[in-house]
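Data first, discussion second: the structure below is written as structure tokens.
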Amino acid sequence: MLSPPLVAFSLVYLASLAALFVSSFWTVNPFTTQIEHHWTLGNFRTIFESSAYRTIALRTIGIAAAVTLTDAILAFPLGYFMARLARPRTRAVLFVAVLLPLWSSYLIRVYIWRLILDRNGVLNWTLGKLGLGAVHVAYSNWAVWIIFSYVWLPFMILPVYGALERIPESLLEASRDLGARGFHTFRRIVLPLALPGVIAGSIFTFSLTLGDYVTPLLAGGASSQFIGNVVYSSVGISNNVPFAAAFATVPLAVMAVYLLIARRLGAFEAM
């Protein structure tokens, strides 16, 4: 029964990745703009030798890591409360609150945050009423980080909640009986057992941020280009498909290494 989906997966996904990798070694004729099937490492040399492209790659990976860390910090206490402390009715309400934003359009959520973070938006209006100075985060990397952290937060909360819910209560009781304080129990029992759930959630937040180009395009400024923006412009504007394919292999390579690390940490068992 697994044969048809495995064949479809191989043809659609693996074959497309193979085509992407092969096309990254081709070139574009500067006069005719036609793709020439000449094997070369020129596209990869351009990426690694150009400081602009290196900066874009490092910015993409850095903000993806910052979003993942932010979501983990925000998701852990909420997931713990839902799994260990909340009553069934309260837990149901929190589940709806976590999942409700996913029912709305991704673009709507981004535009709403643009209005909130705008120079004359809700954030600065509220700060003005409180007698505090305005903050200028609109159309910057800060805005991209805030929006990404909000948009992908549900994808971190659910795996963390699942990992915390599976922790046996007997382990916590045994820790208390042996005289361990709350922080010691958290560090020695709760955190190690919940870590696979955190890593599982980070796979979603890290990979989704790494491959996104809509939020940097709509909410970021001129200095907020991501790898996805360069790939999009290379395909749609300059028609340089080989270079776009070469740059697209960077997040694929990063995610491959990240998934190997996550597998060793047991993240797939918590998904």
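A distance of 11.0 Å separates CG in Asn141 from CD1 in Ile146, rounded to the nearest 0.5 Å. Here the CD1 atom belonging to Ile147 is positioned 8.5 Å from the CG atom belonging to Leu218, to the nearest 0.5 angstrom. The line from OG1 of Thr209 to CG of Asp71 is 7.5 Å long, rounded to the nearest 0.5 Å. Atom CZ of Phe95 is separated from atom CD1 of Ile157 by 9.5 Å, given to the nearest 0.5 angstrom. Between atom CZ of residue Phe81 and atom OG1 of residue Thr90 there is a gap of 6.0 Å, rounded to the nearest 0.5 Å.
Aromatic pair Phe243/Tyr53: ring centres closer than 6.0 Å.
Residues Ile73 and Val151 fall into different hydrophobic clusters, defined by Ile, Leu, Val, Met, Phe, Trp and Tyr side chains chained together at heavy-atom separations under 4.5 Å. A single hydrophobic cluster is seen to contain both Leu172 and Leu85, as judged by linkage of ILVMFWY side chains at heavy-atom distances under 4.5 Å, directly or through other members.
Although no hydrogens or angles enter the test, the distance criterion places a donor-acceptor pair under 3.5 Å between the side chain of Arg91 and the main chain of Ala86. Looking at Arg59, its side chain does come within 3.5 Å of a backbone N or O of Gln225 through a donor-acceptor pair. A distance-only check finds a donor-acceptor pair linking the side chain of Arg84 to the backbone of Ile167 [under 3.5 Å]. Between the Ser50 side chain and the Ile47 main chain, no donor and acceptor come within less than 3.5 Å of each other.
The minimum heavy-atom distance between Thr60 and Ile227, with the atom names listed, is OG1-N, 3.1 Å. When every heavy atom of Val137 is checked against every heavy atom of Ala143, the shortest pair comes out as O-CB, 3.1 Å. Annotation for Thr70 and Trp145: closest pair OG1-NE1, 3.0 Å, computed over non-hydrogen atoms. Scanning all heavy atoms of the two residues, the minimum distance from Tyr213 to Gly228 falls at CB-C, 3.5 Å. Here the closest non-hydrogen pair linking Ser23 and Ala245 is OG-CB, 3.4 Å. Closest non-hydrogen pair, Val198 versus Ala72, comes out as CG1-CB, 4.0 Å.
Using a 4.5 Å heavy-atom threshold, the side chains of Trp39 and Val22 count as touching. Looking only at side-chain heavy atoms (C-beta outward), Tyr161 and Val98 stay at 4.5 Å or farther from each other.
Residues meeting the ring-ring contact (aromatic ring centres under 6.0 Å, His included) test with Tyr106, sequence neighbours left out: Trp152.
Relative ring orientation between His37 and Trp26 is described as parallel, the plane-to-plane angle staying below 30° on a 0-90° scale split at 30° and 60°.
Other residues, nucleotides and ligands contribute only 12 or fewer heavy atoms inside 6.0 Å of the CZ atom of Arg119.
The closest side-chain donor-acceptor pair between Tyr258 and Ser202 falls under 3.5 angstrom.
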